Amino acid sequence: MFTRYRLIFLLLLSSLLLLTGCEINRLKSAEDLYQKHLYATAIQELDDLIANAENRAIATKAEILRSNSYIALAEAAVEKKNWPLAIRFFKLSNSDAANFRLAEIYRDLAVEASKAGNLELSKIYLDTIYREVPETPIIPEVLYRRIAYYVDVKADNEAAWADYMQLYDNYPNNPYEVLARNYVIRFIPGKLDYAAILNEQGYYTDALKELFEISKYPVVDMDRLNKQISDVYERQAEELINEQDYVEADRLFRIALQYYPQKKDSITNRLESITNLFIQKGNSLLEAGDYEAALIHYRKTFDIIPDYPPAVEAIKRVYTIQENIRKAGELFSQAERLEATGKLNEALQTYNAAYALDPKPEYKQKAAIVQNIMEANKNPSAFARRILNEYRGGILNTRIQNQKKELLKRYKENEIQDSGWKLMLSTGQYKYEARYDLLTPNETYLYVWQINLRDRSIVPLNKLSEALMQ
Amino acid sequence: MKAINKILLAVALCLLMEIVAAPIKAQSFDIQAFSDTTKYGWKNYLDRNAYREDLKQRQELLQIYEMEAQPLNTNILKSALIPGWGQFSTKESTKGTVILGAEIVLAGGAYYFMDRAMSKYRLYEKATQVDDIEKYYKDAQVPYQYSFIMIGFAGIIWAYNIFDVIQSTQDYNVRLWEEIIERTQRGPVNITPTGVEVRF
């Protein structure tokens, strides 16, 4: 008897140990409960197992089973139309499948609220779906209903447009997207008008952004849209013409033509008129010495009118000028060499020839210097005297004589000693010193200048002379 | 003795009740508390999303786990047939070697002593003299007892081997899951104490 009870006891004990101690057996026990539809009990068992399981793989399996158990409970609540409890159980289930069902319940509640006239509550349910279950397959329907709400109730076109963009970007040609077009088409003309206003006010980038955004969606008359895009480019091009940026204007006119080929005649006429503007701009660049930019503008006319004769002539002119400049440069170098070897007459002629080809001030200045040197070599003092006499229309002579007249008011003529011009060599080549003295018993006026025969410059050597020159 | 038997029977019944009554006890609960959506620490949908993503990742890893995990029943069967085999499967080689070695030694010893006892017993059966009969019977009895002792020890070790293989398999599977989690959390490039490790 004793042995038999002991055996039963040991068997039960070992069974209990196996049943409760082993995690896999506890999971199997919960699975049995789930199979027997004892979901709440299974959940409690699983909660305990999840909290205490050493093997987290088994805990993960338990979490999945617990999720399924909650779904089963939630479906039972749905059958009894106990929505709050169903929502809570679906939330506790927290799986993708449960979330989708949760979204469906919210959708049904939103529809019911809408039918009952509680549009705000309906919108709250829709927002909840969109926020909490964005991956649900009923999102197109949610977005469609929200668009309808924004347009019909709130008149919030921007919010409706944002939702429609989401809808089309993610679910193009979905039945709800097709339905939503009916709402969007209502406010698209307003958006186009807004883009037109932006264009008129010069906000071209914003206008294009608006138009290009609309162009992605099948809710607009593409002919009208393309014309508006073309208008924006055309207007920008006209603005660039005013700024004399013809290259960019030409590019924008062509883009405008691509968007709206019906404008071909008007744009072609405008492009032809640009050819003349290109020539004018090229000419001004040529005058400024920017030959490469001038050539670009002349050649650009060929894109509009091939072999446009004024442009061909202008290009030839540019080449001739460039050739003349090159030749002038060579002549200038040659003249410098001649000047260095003392062949001043030939150097002068060569400088003048270079200046004739390229009227650079540098060439003219060099020619003048050589001319001065030649005259200085012939008769330096006479040349120096001539420089003095010709300086600023003979101002030095006039002012000295005026000074003398002033002195004559205070002194007798015999008291004034007038030295006249005295010219003498100064330090440095081609430099002369010119002196003029006016002496009285009480006052002395000693004028002295240095004359550079090379460049005809006169430098005062004392303050009195400097004052006389001012 | 009867009293002890009654106590044991009462304890056994209590245990049985515990097993049977547990689901019944679990059914009585507060529905509000039971359906409280924050009871798992998810304060809002963001917390729920985070948990869901984590569970989905772990669910994917379960496939790897199922492929690499050691099945408990198989290991018990292995160790029941050849003691230590299950331990070898769970990478507990030392333990497996000791158990297998002990079983071989004990079984071999038992066989040796049994063989000796049987040869003495045959002599005992053939003996005709009283002195011989007594001597051979005595000689046969000692190795016969040794043989039984060794068989008993072998049985104890076999039972321990079964108990141990359950533990070993569970520990192995716990470690395996942790290793799988760690493996997936590590990126292709890791800085380890021995240098930079790149996995392709």
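Chain letters run A, B, ... following the sequence lines, proteins first, then strands; residues in each count from 1. Treat the numbers as computed from the prediction; the structure is a model and nothing was measured.
At a 4.5 Å heavy-atom cutoff, the contact between B:Asp36 and chain A is made by backbone atoms alone. When heavy atoms are compared at a cutoff of 4.5 Å, A:Asp47 approaches chain B solely by way of its side chain, counted from C-beta outward. For a residue to count as touching a neighbouring chain, one of its non-hydrogen atoms must lie under 4.5 Å from one of that chain's; by this rule A:Ile50 does not touch chain B. In this structure, chain B has a heavy atom under 4.5 Å from the backbone of A:Ser95, while its side chain stays farther away.
One finds no salt bridge joining B:Asp132 and B:Lys126 here, because no Lys/Arg side-chain nitrogen approaches an Asp/Glu carboxylate oxygen to under 4.0 Å. Note on B:Arg52 versus A:Glu135: salt bridge recorded, some NZ/NE/NH1/NH2 to OD/OE distance being below 4.0 Å. Under the 4.0 Å criterion applied to side-chain N and carboxylate O atoms, B:Glu178 and B:Arg183 are not assigned as salt-bridge partners. Of the charged side-chain nitrogens involved, at least one lies within less than 4.0 Å of a carboxylate oxygen, so that A:Lys123 and A:Asp127 count as a salt-bridged pair.
When each of B:Tyr51, B:Tyr65, B:Tyr45, B:Trp42 is checked for heavy-atom pairs under 4.5 Å with chain A, B:Tyr45 comes out on top. Listed options B:Leu46, B:Asn49, B:Asn173, B:Ile181 were ranked by heavy-atom pairs under 4.5 angstrom with chain A; first place goes to B:Asn173. When the candidates A:Asn55, A:Asn99, A:Leu85 are compared by the number of heavy-atom contacts under 4.5 Å with chain B, A:Asn55 comes out ahead.
Between B:Tyr40 and A:Tyr70, the ring planes lie perpendicular to each other; the angle is over 60°, past the 30° to 60° tilted range. Below 30°, between 30° and 60°, or above 60°: for B:Tyr121 and B:Tyr124 the angle between ring planes is between 30° and 60°, a tilted geometry.
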